[in-house]
Amino acid sequence: MFNIVSYIIFLTVSSYITIDVGRRCFQTGKVYLEYLIHDSVMCLTINRILLGCYYLLNLGYIAVNLAFWDRVSSLEEVIAVTAIRIGYIALILCVLHFMNIFTLYFLRNKLTLK
């Protein structure tokens, strides 16, 4: 019973975080991409590709993550396991966000040096 409760909490919170962060990055990332690339059509295409890859990677990780949970037998374990798993999701989102920013920054510098 505790596993089902922790699954529901984890799926709800992590899916919400993933979708909300993706939506926010998509909306605010347009300006950043246009500053770097100077082509609005290309920027929109890149932004959509990044959003799709972001959703696939994170929602896939969330789904796979459920397969590796041990048996949860108390309310304390529900809270601890769920908090740790949601923390992993937040860390992965942060790493992906900064990887995208640094990649685009270095690509832009490479283009301006030519």
Roughly how far apart are Glu34 CD and Met42 CE, rounded to 0.5 Å? 13.0 Å
Applying salt bridge (charged side-chain N to carboxylate O under 4.0 Å, His left out) as the test, list every pair that has at least one member in residues 1-22; sequence neighbours left out. Asp20-Arg23, Asp20-Arg24
Decide whether Val81 and Ile9 are clustered together by the hydrophobic rule: side chain heavy atoms of Ile, Leu, Val, Met, Phe, Trp, Tyr closer than 4.5 Å, transitively. yes
Quick check: closest heavy atoms across Cys25 and His97, and the distance to 0.1 Å? SG-ND1, 3.8 Å
Assigning hydrophobic clusters by single linkage (Ile, Leu, Val, Met, Phe, Trp, Tyr; side-chain heavy-atom cutoff under 4.5 Å), is Phe102 placed with Leu50? yes
Distance, nearest 0.5 Å, that separates OG of Ser6 from CE of Met1: 10.5 Å
To the nearest 0.5 Å, tell me how far Ile62 CD1 sits from Tyr55 OH. 11.0 Å
Linked, directly or transitively: Ile101 and Phe106 (ILVMFWY side chains, under 4.5 Å): yes
Please report the shortest heavy-atom distance between Leu93 and Tyr54, naming the atom on each side. CD2-OH, 3.1 Å
Report yes or no: does Asn58 contribute a side-chain atom to a donor-acceptor pair with the main-chain N or O of Thr18 at less than 3.5 Å? no
For the residue pair Arg85 and Ile89, establish whether any side-chain heavy-atom pair is separated by less than 4.5 Å. no
Does OH belonging to Tyr88 count more than 12 external heavy atoms closer than 6.0 Å? no
For Phe2 and Leu75, the nearest pair of non-hydrogen atoms, with its separation, is CE2-N, 3.8 Å
CD1-CG distance between Ile86 and Asn65, expressed to the nearest 0.5 angstrom: 10.5 Å
Can you tell if the side chain of Tyr7 reaches within under 4.5 Å of the side chain of Thr82, non-hydrogen atoms only? no
From CD1 (Ile84) to CZ (Phe10), nearest 0.5 Å: 12.0 Å
Given the rule that I, L, V, M, F, W and Y join up when any side-chain heavy atoms are under 4.5 Å apart, are Tyr32 and Leu96 in one cluster? no
Measuring from Arg71:CZ to Asn3:CG, what's the distance to the nearest 0.5 Å? 5.5 Å
Check whether Leu66 and Ile8 end up in the same hydrophobic cluster, where Ile, Leu, Val, Met, Phe, Trp and Tyr are linked by side-chain heavy atoms less than 4.5 Å apart. no
